[in-house]
Amino acid sequence: MVQPNLITRDHEILGGTPVFAGTRVPVQTLFDYLEGGYSLQEFLDDFPTVQRDQAVGVLEQLKQMLLTQPV
């Protein structure tokens, strides 16, 4: 389960798109960057309102979800 301090959803912010808490940066943007071959640091440089611990926390939680999910 994603920690509530990492991601928020609010219909007032981007129509309820999941964003990094305290920002208007969609979480999907991080995945798009990584999928496009960009580094985590490049993402953080381009979106300075996202803290490194937020981005790493989301990635860590996703990893845990994938590793613990039954096949």
Side-chain angles (χ1 to χ4, degrees):
M1 184 169 184
V2 176
Q3 294 176 12
N5 61 333
L6 295 176
I7 297 173
T8 59
R9 282 186 179 185
D10 183 337
H11 285 294
E12 300 290 321
I13 300 172
L14 299 176
T17 298
V19 298
F20 287 96
T23 78
R24 296 180 63 82
V25 179
V27 174
Q28 179 67 46
T29 305
L30 171 60
F31 297 117
D32 292 344
Y33 261 64
L34 296 174
E35 182 179 47
Y38 294 95
S39 70
L40 175 59
Q41 190 57 54
E42 288 171 302
F43 169 79
L44 294 170
D45 289 345
D46 287 349
F47 298 95
T49 58
V50 177
Q51 300 297 310
R52 182 176 193 78
D53 62 329
Q54 286 178 297
V56 170
V58 166
L59 294 171
E60 285 291 326
Q61 288 186 6
L62 179 59
K63 178 177 82 173
Q64 287 303 313
M65 288 170 54
L66 290 171
L67 294 176
T68 59
Q69 186 176 6
V71 179

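Scope of the values below: all heavy atoms of this structure, side chains included, with no hydrogens, waters or symmetry mates.
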Check your understanding: In this structure, are over 12 heavy atoms from other groups packed under 6.0 Å from Gln41 atom CD?
Key ->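 For Gln41, atom CD is crowded (more than 12 foreign heavy atoms under 6.0 Å).
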Review point. In Å, rounded to the nearest 0.5 Å, how long is the span from NE2 of His11 to OG1 of Thr17?
Key: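 It comes to 10.0 Å.
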Check your understanding: Rounded to the nearest 0.5 Å, what separation is found between the CG atom of Asn5 and the CD atom of Gln54?
Key ->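 One finds 8.0 Å between CG of Asn5 and CD of Gln54.
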Determine the minimum heavy-atom distance between [X] and [Y], stating which atoms define it.
X: Ser39; Y: Leu34; value: C-CD2, 4.3 Å
X: Pro18; Y: Arg9; value: CG-NE, 3.1 Å
X: Arg24; Y: Leu14; value: O-CD1, 3.3 Å
X: Thr23; Y: Val19; value: O-CG2, 3.5 Å

Are any non-hydrogen side-chain atoms of [X] and [Y] less than 4.5 angstrom apart?
X: Val58; Y: Gln61; result: no
X: Leu40; Y: Leu30; result: yes
X: Phe20; Y: Leu6; result: no
X: Tyr38; Y: Asp46; result: no

Review point. Is there a path from Leu59 to Leu67 through hydrophobic residues (I, L, V, M, F, W, Y) whose side chains come within less than 4.5 Å of each other?
Key: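 Different clusters: Leu59 never reaches Leu67 through Ile, Leu, Val, Met, Phe, Trp or Tyr contacts under 4.5 Å.
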Check your understanding: Are Leu62 and Val56 grouped together when hydrophobic residues (ILVMFWY) are joined by side-chain heavy atoms under 4.5 angstrom apart?
Key ->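 Yes; Val56 is reachable from Leu62 via cluster members.
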**Study point:** Verdict with reasoning, Val50 to Thr29, per side chain to side chain contact (heavy atoms under 4.5 Å, CB included)
**Key:** CA-CA 11 Å; Val50 177; Thr29 305; over 6 Å; no
Practice item. Look at the rings of Tyr33 and Phe47 and say which category their plane angle falls in: under 30° parallel, 30 to 60° tilted, over 60° perpendicular. Key: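 Tyr33 vs Phe47 ring planes: perpendicular.
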